[in-house]
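Notes to accompany the following structure.
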Amino acid sequence: MIGGMETINPFPRGEGPLRIGVLGSGSGTNMQSILDAIAAGSLDARVVCVAADVPGAKILDRARAAGIPAEYLDPAPWKTKLEGPAEARYVEFLKSHGAEVVALAGFMRIVKPGLLAAFPHRVLNIHPALLPAFPGVAAWKQALDHGAKVAGVTVHFVDAGTDTGPIIVQRAVPVLDDDTPESLHARIQVEEHKAYPEALRLLGSGRLRIRGRRVFAVPS
Ligand code: GAR
């Protein structure tokens, strides 16, 4: 404790390569960027399982193509959150495959305290905006509609709020005068695909610390 504020070590060194469980709802390009970084040797980790809350989501095809156990898990009865028996199914799936870190990669659903308690300080999310600006859905469109000149991506620890947790990595991109929502999102996604592997690399190094809202890496 320093100044009454606890310093949390979310992934103590010595636990070996990160065993990542991924949750998604869509195309899965961010999960693919994690797989590509692992294959390239720039991220010491394994994706041990992938679950989606949308049947037939492309992220499941991508995972299966890489030989990773991947399942659609029914989130019913909730439309926008993961809670109750559905949440328990997700936790059981992740735990049964040995996941120790959960990466939300385009998972369009609010996770609740049950999942967070099952993986304390080990649930990460990627959000297509420079938080705390533009939380919520279609963040790139929010930035464009607001007239922002800079947009970007945030990878953060998930806490009980929506897109409010401690920030691990941010990367910025310019908003151009002739941008459409699609062109801006595409520019942000290029940076997303660097940011998620970078955040996971930091976590896996065992050097990350969380103190209050601040996340930093201690020297190795
Ligand atoms: C990404 O742009 C991600 O930042 C966003 O969904 C997309 C998923 O793409 N996530 C959110 O908006 C979460 N609030 P992907 O399925 O190709 O990784």
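First listed ligand is number 1; within each ligand, the first listed atom is number 1. Heads up: numbering here begins at 1 and tracks the sequence. The figures that follow rest on heavy atoms only: side chains count, while hydrogens, waters and symmetry mates do not.
- Judged by the shortest distance from any of its heavy atoms, Ala139 lies outside the 4.0 Å radius around the atoms of ligand 1.
- Note: the hydrophobic cluster containing Leu203 also contains Val47 (ILVMFWY, side chain heavy atoms under 4.5 Å, direct or indirect links).
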(Q) Using side-chain hydrogen bond (donor to acceptor under 3.5 Å, both in side chains), reason through Thr29 and Arg62 one step at a time and then give a plain yes or no. (A) CA-CA 9 Å; Thr29 64; Arg62 288 182 190 272; 5.7 Å; no
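- Close approach of ligand 1 to Ile126 (heavy-atom distance below 4.0 Å) involves ligand atoms 4 (O), 10 (N), 13 (C).
- Taking the ring centre of Phe119 as origin, the terminal cationic atom of Lys95 falls inside the region bounded by 6.0 Å and 45° from the ring axis.
- Residue, atom and distance of the protein heavy atom nearest to atom 1 (C) of ligand 1 are Glu192 OE1, 3.2 Å.
- Within ligand 1, counting atoms from 1 as listed, the ones closer than 4.0 Å to a heavy atom of His127 are 14 (N).
- In this structure, Val54 shares a hydrophobic cluster with no other residue, the cluster being traced through Ile, Leu, Val, Met, Phe, Trp and Tyr side chains under 4.5 angstrom apart.
- Other residues, nucleotides and ligands contribute at most 12 non-hydrogen atoms within 6.0 Å of the CZ atom of Arg214.
- Among all non-hydrogen protein atoms, the one lying nearest atom 6 (O) of ligand 1 is Gly106 CA, 3.8 Å.
- In this structure, atom 12 (O) of ligand 1 lies nearest to the protein heavy atom Pro128 CD, 3.4 Å.
- For the pair Asn30 and ligand 1, the shortest N or O to N or O distance falls below 3.5 Å.
- Of all protein heavy atoms, the one lying nearest to atom 17 (O) of ligand 1 is Thr29 OG1, 2.5 Å.
- Contacts with ligand 1 closer than 4.0 Å are made by side-chain heavy atoms of Gln189 only, the backbone lying farther away.
- The closest protein non-hydrogen atom to atom 16 (O) of ligand 1 is Gly28 N, 2.8 Å.
- Every atom of ligand 1 with a heavy atom of Ser27 under 4.0 Å away is listed here by number and element: 16 (O), 17 (O).
- In this structure, Tyr72 and Leu60 have side chains that are in contact, with non-hydrogen atoms separated by less than 4.5 Å.
- The two atoms that bring Gln189 and Asn30 nearest to each other are NE2-ND2, 3.9 Å, heavy atoms only.
- Classification of the Tyr90-Phe107 ring pair by plane angle, with boundaries at 30° and 60°, yields tilted.
- Minimum interatomic distance between Leu104 and Tyr196 (heavy atoms only, all atoms of both residues): O-OH, 2.9 Å.
- Not a single heavy atom of Gln32 sits less than 4.0 Å from an atom of ligand 1.
- In this structure, His185 is part of the shell of residues with a heavy atom less than 4.0 angstrom from ligand 1.
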